[in-house]
Amino acid sequence: MNNLTIEPLKGYGDIRFGMSVDEIVNIFGEPSNHEEMEPLAEGVENVSVLYDYDDEDFSLYFEGVSSYVVASISTRNEDAMLFGERIYDMSRNEIVDMMKENGYKEFEIEEQDGDTCIIYDELMLDFYFIDGELVDVVWGVIVDSKGNIIS
């Protein structure tokens, strides 16, 4: 994949939230791994399906009941860009500063056993760090059971 631009609430490069499994497979081929996941919340009828594309360093989470669509993206690609910056070259504080410079000042921090997650609820965007090093970026949207994006 040539375009590695993270676009919160929109997608990642050519991947758009709301794309179907068939659209993704037509572009990227079959995933290196896929599995059905447990629902993220109790009482949610959506089914979640994970597609890993290891060679491209990203994973896609499809959700829905009658139609599965891209609802969340995770990238470990060191060339991934956000707001014109290579985020994997940045420290935790540099990422927070970049987000503030782009108008996103409110975030939460969760820490556990040396792992840190910086959460921007407004963008549904999370940065995961282990021992101070960025290891994963995850962002998404909310999808209803028919595969429509709600937010």
Side-chain angles (χ1 to χ4, degrees), residues 1-92 94-95 98-99 107-121 123-151:
M1 187 161 77
N2 294 329
N3 183 352
L4 300 174
T5 302
I6 294 170
E7 297 178 75
L9 305 175
K10 293 182 182 175
Y12 182 49
D14 297 330
I15 302 167
R16 298 284 122 207
F17 291 119
M19 290 177 81
S20 70
V21 171
D22 289 341
E23 288 174 304
I24 293 298
V25 170
N26 284 336
I27 296 170
F28 297 103
E30 291 295 328
S32 47
N33 176 52
H34 75 277
E35 62 184 278
E36 191 168 311
M37 310 292 286
E38 293 293 321
L40 297 176
E42 253 184 72
V44 174
E45 60 182 280
N46 279 1
V47 174
S48 296
V49 178
L50 168 68
Y51 273 37
D52 288 319
Y53 286 91
D54 292 336
D55 292 342
E56 301 281 350
D57 289 324
F58 71 83
S59 299
L60 303 174
Y61 298 85
F62 295 89
E63 289 190 14
V65 172
S66 59
S67 175
Y68 298 132
V69 299
V70 176
S72 182
I73 303 169
S74 167
T75 186
R76 298 155 307 284
N77 192 308
E78 293 182 2
D79 294 322
M81 305 282 288
L82 177 63
F83 300 124
E85 303 285 339
R86 283 175 47 117
I87 55 173
Y88 278 88
D89 291 342
M90 303 173 81
S91 70
R92 176 176 141 174
E94 289 170 328
I95 289 174
M98 176 197 61
M99 295 299 289
F107 60 93
E108 295 176 29
I109 296 178
E110 292 182 3
E111 297 189 71
Q112 182 177 353
D113 300 327
D115 297 351
T116 303
C117 182
I118 300 175
I119 303 163
Y120 289 87
D121 281 334
L123 296 175
M124 295 184 67
L125 173 65
D126 300 340
F127 298 93
Y128 292 90
F129 296 83
I130 295 178
D131 297 325
E133 182 179 337
L134 183 63
V135 294
D136 201 7
V137 181
V138 180
W139 66 108
V141 294
I142 298 173
V143 173
D144 70 13
S145 63
K146 294 179 183 169
N148 299 311
I149 295 172
I150 305 172
S151 72

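What you see is a predicted model, and the numbers here were worked out from it, not measured in a lab.
Note: Y51 and H34 have tilted aromatic rings, judged against thresholds of 30 and 60 degrees for the angle between ring planes.
Residues G140 and L9 come closest through the heavy atom pair O-CD2, 3.7 Å. Summarising the geometry of R16 relative to G11, their closest heavy-atom pair is NH1-N, 3.9 Å, with the distance given to 0.1 Å. Looking at every heavy atom in both residues, E7 comes nearest to G13 through OE2-O, 4.0 Å.
Rounding to the nearest 0.5 Å places CG of N77 at 11.5 Å from CG of D55. Considering OG1 of T116 and CD of E111, their distance stands at 4.0 Å, rounded to 0.5 Å. Here the CZ atom belonging to F58 is positioned 8.0 Å from the CD1 atom belonging to I73, to the nearest 0.5 angstrom. Remark: I118 CD1 to R92 CZ distance equals 5.0 Å, nearest 0.5 Å. With values rounded to the nearest 0.5 angstrom, K10 atom NZ is found 11.5 Å from F17 atom CZ. Taken to the nearest 0.5 Å, the CD1 atom of I87 stands 7.5 Å off from the OG1 atom of T75.
The salt bridge (charged side-chain N to carboxylate O under 4.0 Å, His left out) contacts involving residues 77-89 comprise D79-R86, R86-D89, where partners must be two or more places apart or lie in separate chains.
Judged purely by distance below 3.5 Å, without hydrogens or angles, the side chains of N3 and T5 pair a donor atom with an acceptor atom.
A centroid separation of 6.0 Å or more is found between the aromatic rings of W139 and Y120. Taking the six-membered ring wherever Trp is involved, the centroid distance between the rings of F127 and F107 does not fall below 6.0 Å.
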For this session: Go through the steps for M19 and L60 under the test side-chain contact (heavy atoms from CB on, under 4.5 Å), then give the verdict.
Result: CA-CA 11 Å; M19 290 177 81; L60 303 174; over 6 Å; no
For this session: Test V49 against V21 for side-chain contact (heavy atoms from CB on, under 4.5 Å), laying out the working first.
Result: CA-CA 10 Å; V49 178; V21 171; over 6 Å; no
For this session: Show the numbers, then the answer: is there a side-chain contact (heavy atoms from CB on, under 4.5 Å) between L134 and Y128?
Result: CA-CA 6 Å; L134 183 63; Y128 292 90; 5.6 Å; no
Exercise. Would I150 and V141 satisfy side-chain contact (heavy atoms from CB on, under 4.5 Å), going step by step from the backbone distance to the final call?
Worked result: CA-CA 7 Å; I150 305 172; V141 294; over 6 Å; no
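In this structure, the side chains of S74 and V138 come closer than 4.5 Å at one or more pairs of heavy atoms. With contacts defined as side-chain heavy-atom distances shorter than 4.5 Å, the pair D115/C117 does not qualify. Put simply, the side chain of M99 reaches to within 4.5 Å of the side chain of L82, judged on heavy atoms. Looking at heavy atoms from C-beta onward, F129 lies out of side-chain contact with V135 at the 4.5 angstrom threshold.
The number of heavy-atom neighbours closer than 6.0 Å to CD of Q112, taken from other residues, nucleotides and ligands shown, is 12 or below.
At least one donor-acceptor pair closer than 3.5 Å links the side chain of Y53 to the backbone N or O of G29.
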